[in-house]
Each structure stands twice: as structure tokens, then as C-alpha cells.
Amino acid sequence: MTSTVTYEGNLRTVCQHLRSGTTIETDAPVDNNGRGERFSPSDLVATALGSCMLTIMGMRAVEMKVDLKGTKIEVEKIMKSDPRRIGGLNLTFHFPEELELNERQQTILQKAAETCPVAFSINQDIELNVNFNWDKVKIRIEK
């Protein structure tokens, strides 16, 4: 088993990761009768995509001896109705200004992110827009 989810009442759950014992609480969003004081379950789906992308990129970065520490993704979730569901996910990557990569490394890291398991698990009806802001990354020219 991976986790347990316990309903606490008032549209809140407590999710526990069994191996580590860590917990995450969720709330229904304000626009769906909740308090919106925690991640909503659909927020976790959107956030899991960003986390997965960065984790897989991190694995490739370690292999290339590149430090991605400080890389940040802005995640925007767009909901649709009838039925209520995630209709779109917009992710924008921001890399630290001190990061220095060559074009091949950028390609490897971007491909790694695009092939993370969560990305492959997102329903194809969900519009997915991913923007890699490589513009502030120093380009290392290979000789």
C-alpha cells in the first residue's frame, strides 16, 4: 500500500504516506463549497505533474553533474464544468540565473521533464502547456 486517506469532516482529508509517515491535508476549494485552506485534490494532481517533471529532470541533471537547485515551476490549473474536471494545466519553468548549460543538456533536461510518469498519466483531454524559460540560463559553448 502507498497511502491512506481519512475524511476529517468539513470537506477535509488527511493523506498519509505509509513509508515515511508524512501527511498532506486537502480541502475542497472555495468555488466548490470548501474552505480552500489547503491544496484541493485537483491542485495535488496539477502540482504532482510539476514535482514529477522536476524530479525526473533532477535525475538527468545528477548524471550530467548539473545542479538544478533553485529551479521553480509556476503551476496553473484551469477547471472546466459539466462535469467538473481539470481542463488545462499551464506550467512555466524558471531556472536560476547562475545555471550554465549547453544546448544538448537543455534538450536532455527538457525531454526528461516531458517524459515523466505523471505527464504520461494525464488524460489527453487536458490541455497541457509547458514553457521552459531557458532565456536566463547561461549557454555554455562546447569546443
**Prompt:** Mind checking whether L101 and I73 sit in one hydrophobic cluster, side chains of I, L, V, M, F, W, Y counted as touching below 4.5 Å?
**Reply:** yes

**Prompt:** In Å, rounded to the nearest 0.5 Å, how long is the span from CE of M1 to CG of L18?
**Reply:** 5.0 Å

**Request:** Drop me the distance from S40's OG to K77's NZ, to the nearest 0.5 angstrom.
**Result:** 3.5 Å

**The single option from D27, T6, T26 passing side chain to side chain donor-acceptor pair (under 3.5 Å) against R12** = D27

**Item:** Heavy atoms of other groups near E127 CD, more than 12 under 6.0 Å
**Value:** no

**Message:** Once rounded to the nearest 0.5 Å, what's the spacing between atom OG1 of T23 and atom NE2 of H17?
**Reply:** 12.0 Å

**Asked** Do V118 and V45 come close enough that some side-chain heavy atom pair is under 4.5 Å?
**Response** no

**Prompt:** Rounded to the nearest 0.5 Å, how far apart are CZ of R60 and CD of Q110?
**Reply:** 15.0 Å

**Request:** State plainly whether one hydrophobic cluster holds both I56 and L91, where clusters connect Ile, Leu, Val, Met, Phe, Trp and Tyr through side-chain heavy atoms under 4.5 angstrom apart.
**Result:** no

**Message:** Would you say M53 ends up clustered with W134 if hydrophobic residues are merged whenever their side chains have heavy atoms under 4.5 Å apart, either directly or through other cluster members?
**Reply:** yes

**Asked** Does any N or O in the side chain of R104 come within less than 3.5 Å of the main-chain N or O of N102, such that one atom is a donor and the other an acceptor?
**Response** no

**Item:** Within-4.5 Å side-chain heavy-atom neighbours: C15 and T4
**Value:** no

**Prompt:** Do R84 and D31 have side chains that get closer than 4.5 Å, going by heavy atoms?
**Reply:** yes

**Message:** Quick check: closest heavy atoms across Q105 and M64, and the distance to 0.1 Å?
**Reply:** CG-SD, 3.6 Å

**Considering all heavy atoms, the nearest F39-T47 contact** = CE2-OG1, 3.6 Å

**Message:** Do V130 and V137 land in one hydrophobic cluster if side-chain heavy atoms of ILVMFWY residues count as linked below 4.5 Å?
**Reply:** yes

**Request:** Indicate if M79 and L89 have the same hydrophobic cluster label, given that clusters are the connected sets of ILVMFWY residues with side-chain heavy-atom separations under 4.5 angstrom.
**Result:** yes

**Request:** Take N133 and N131 through the test side chain to side chain contact (heavy atoms under 4.5 Å, CB included) and record every step on the way to the result.
**Result:** CA-CA 6 Å; N133 273 333; N131 180 23; 3.4 Å; yes

**Item:** Candidate pair L49 and C116, rule side chain to side chain contact (heavy atoms under 4.5 Å, CB included), full reasoning
**Value:** CA-CA 8 Å; L49 176 60; C116 85; 4.1 Å; yes

**Over 12 non-hydrogen atoms of neighbours within 6.0 angstrom of CD in E97** = no

**Asked** Are any of the side-chain nitrogens in K111 or E114 under 4.0 Å away from the carboxylate oxygens of its partner?
**Response** no

**Asked** Is the closest side-chain heavy-atom distance between D43 and V75 below 4.5 Å?
**Response** no

**Request:** Spell out, as yes or no, whether a donor-acceptor pair under 3.5 Å connects the side chain of T55 to the backbone of S51.
**Result:** yes

**Distance, nearest 0.5 Å, that separates CZ of F93 from CG of L109** = 9.5 Å

**Asked** What distance do I86 atom CD1 and I122 atom CD1 have between them, rounded to the nearest 0.5 Å?
**Response** 6.5 Å

